[in-house]
Amino acid sequence: MRSLKVLRTQGWLASTGPEFRDAVLGRADLIRFGNGETVYNAGDPSGAIYGILDGHLEVHLQGVDASNSLAFISGPGAWHGDLASTLGRRRLLTLTARGPCQLLRLRREELQRICAEQPCGWQEIARLLATNMALTFEVVGLLRIQNLSERVARALLLLAQPETGAPRVVRASQSDIATIIQASRSAVAARLAEFEAQGHVKRGYGTIVLAAPEALEAVVGLEREDDLA
C-alpha cells in the first residue's frame, strides 16, 4: 500500500491543520477497487468522502451517453463526494476506477463527528467544497474556449498529475481528452502532434508527459503568480 504521505502532502488534505488532518486519516478506512468498478453512481444517497491514495478515478456526467460521459480524471491527492456528504443530498456524478485504485473512505457520520469536535472542521470542509467547485468551473470553462490549441493545452494543464522528482504527467488517452473537451479525436491528435514537435509534450501509450508546462501556460495566456509580483 502506498504511504499515507500522498494525502498528507498532495491536494486538499495537505493544506488542512495537522489535528484535523490526523483525525481524517485516523478515522478513514482503506478500500480497493478494480478497473471499471463503480465507487458510487449519480443518484445514490449521500455517504462518505473519498481520497485517492493510489490510482485514478473517472468522473462521469449523469444523463449522458456512456461513450460521451467522461468529464474528468482525478489522481492521488484528490477528494470526491464532499457536496453530497455535506448537504445530505444524492450524488450528482458517477465515479469509477480507472485501473486498480486505492481510496481512503471517510464515512459521513465520522466526518460530522470530526467537525463537531474541532472548531475548524466545517471551515476545512468549506475549503474542500470551494476547491472542487473551482475545478468544476475550470472544466466547464474548457468548453467555452474557441481556439482548439488553447483548449487542448488548458485540458492538459488541468489533468496533469504532480509526481515527485518527475515531470507532470497526464494519464489519459487522446480519445479521453477529446471526450472531456468535446472535440474530435483527430483534431486533438493533430494539436498534440504539434505540441510534441515543439517540445511541449511527449506522448506515450495512455500518457502524455508535460515536457514544458510553461510553454502550455503561454499558449493559454496563463501567468504564474511570481511573474505578477
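Everything numeric in this text was worked out from a predicted model, so none of it was measured.
Not counting sequence neighbours, the partners of Leu61 by the side-chain contact (heavy atoms from CB on, under 4.5 Å) test are Val64, Ala71, Leu93. For Arg90, there are no salt bridge (charged side-chain N to carboxylate O under 4.0 Å, His left out) partners, not counting sequence neighbours. When the side-chain contact (heavy atoms from CB on, under 4.5 Å) test is applied to Ser175, the partners found at least two apart in sequence or on another chain are Ser173, Arg185. Partners of Arg98 under the side chain to side chain donor-acceptor pair (under 3.5 Å) rule, at least two apart in sequence or in another chain, are Glu58, Asp176. Taking the salt bridge (charged side-chain N to carboxylate O under 4.0 Å, His left out) definition, one finds that Arg89 meets it with nothing, sequence neighbours left out. Looking at residues two or more places apart in sequence or on another chain, you find no salt bridge (charged side-chain N to carboxylate O under 4.0 Å, His left out) involving Glu194. The side-chain contact (heavy atoms from CB on, under 4.5 Å) test applied to Glu19 returns Gln118, not counting sequence neighbours. In this structure, the side-chain contact (heavy atoms from CB on, under 4.5 Å) partners of Leu159, at least two apart in sequence or on a different chain, are Phe72, Ile73, Val170, Ile177, Ile180. Take Glu110 and apply the salt bridge (charged side-chain N to carboxylate O under 4.0 Å, His left out) test, not counting sequence neighbours, and it matches Arg27, Arg113.
Residue Leu210 comes nearest to Ala160 through the heavy atom pair CD1-CB, 3.5 Å, listed as atom of the first residue, atom of the second, then distance. Across all their heavy atoms, Arg91 and Tyr50 have their closest contact at NH2-CE1, 3.9 Å. The two residues Gly88 and Arg108 have their closest heavy-atom pair at CA-NH2, 3.3 Å. For the residue pair Gly55 and Ile52, the shortest heavy atom distance occurs at O-CG2, 3.3 Å. Contact detail for Ala183 and Val188: the closest heavy-atom pair is CB-CG2, 4.0 Å. For the pair Phe20 and Cys120, the tightest heavy-atom approach, listed with the atom from each and the gap, is CB-SG, 4.2 Å.
Neither side chain, His60 nor Thr94, offers a donor N or O lying under 3.5 Å from an acceptor on the other.
In this structure, Leu13 and Val24 have side chains that are in contact, with non-hydrogen atoms separated by less than 4.5 Å. In this structure, Leu216 and Val201 have side chains that are in contact, with non-hydrogen atoms separated by less than 4.5 Å. By the 4.5 Å heavy-atom criterion applied to side chains, Leu135 and Thr131 are not counted as neighbours. Using a 4.5 Å cut-off on side-chain heavy atoms (C-beta onward), Leu30 and Leu53 make contact.
Going from atom CD1 of Ile181 over to atom CD of Glu150 covers 12.0 Å, rounded to the nearest 0.5 Å. Summarising the geometry, atom CZ belonging to Arg168 is positioned 13.0 Å from atom CD1 belonging to Ile208; distances are rounded to the nearest 0.5 Å. Atom CZ of Phe33 is separated from atom CD of Gln102 by 11.5 Å, given to the nearest 0.5 angstrom. Expressed to the nearest 0.5 Å, how far CD1 of Ile31 lies from SG of Cys101 amounts to 8.5 Å. The OG1 atom of Thr86 lies 7.0 Å from the CG atom of Leu128; values are rounded to the nearest 0.5 Å. Once rounded to the nearest 0.5 Å, the distance linking CD1 of Ile49 with CG of Leu103 reads 12.0 Å.
Sorted by first and then second residue, the side chain to side chain donor-acceptor pair (under 3.5 Å) pairs involving residues 37-48 (not counting sequence neighbours) form an empty list.
Checking side-chain atoms of Trp122 against main-chain N and O of Ala116 turns up no donor-acceptor pair under 3.5 Å. No donor-acceptor distance shorter than 3.5 angstrom exists from the side chain of Arg171 to the backbone of Thr207, with no hydrogens or angles considered. Listed for the Ser85 side chain is a donor-acceptor partner under 3.5 Å among the backbone atoms of Gly47.
The hydrophobic cluster containing Phe137 also includes Met133, under a criterion of side-chain heavy atoms closer than 4.5 Å among ILVMFWY residues, counted directly or through chains of members.
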Test side chain to side chain contact (heavy atoms under 4.5 Å, CB included) applied to Asp54 and Val6, step by step: CA-CA 8 Å; Asp54 194 19; Val6 172; over 6 Å; no
Could you go through the side chain to side chain contact (heavy atoms under 4.5 Å, CB included) check for Leu111 and Cys115 one step at a time? CA-CA 6 Å; Leu111 173 61; Cys115 290; 4.1 Å; yes
Please test Val220 against Asn147 for side chain to side chain contact (heavy atoms under 4.5 Å, CB included), starting from the C-alpha separation and ending with a verdict. CA-CA 9 Å; Val220 295; Asn147 182 284; over 6 Å; no
Pair Thr179-Asn68, side chain to side chain contact (heavy atoms under 4.5 Å, CB included): steps then yes or no:
CA-CA 6 Å; Thr179 299; Asn68 199 38; 3.7 Å; yes
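Transitive grouping of hydrophobic side chains (ILVMFWY, heavy atoms separated by less than 4.5 Å) brings Leu106 and Leu87 into a common cluster.
Checked options Arg203, Lys202, Arg191; the residue passing with Glu196 is Arg203 (criterion: side-chain hydrogen bond (donor to acceptor under 3.5 Å, both in side chains)).
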When the side chains of residues 75-83 are checked against the rest of the protein, which donor-acceptor pairs come out under 3.5 Å, sequence neighbours left out?
| residue | atom | partner | partner atom | Å |
| --- | --- | --- | --- | --- |
| His80 | NE2 | Ser74 | OG | 2.9 |
| Asp82 | OD1 | Asn132 | ND2 | 2.7 |

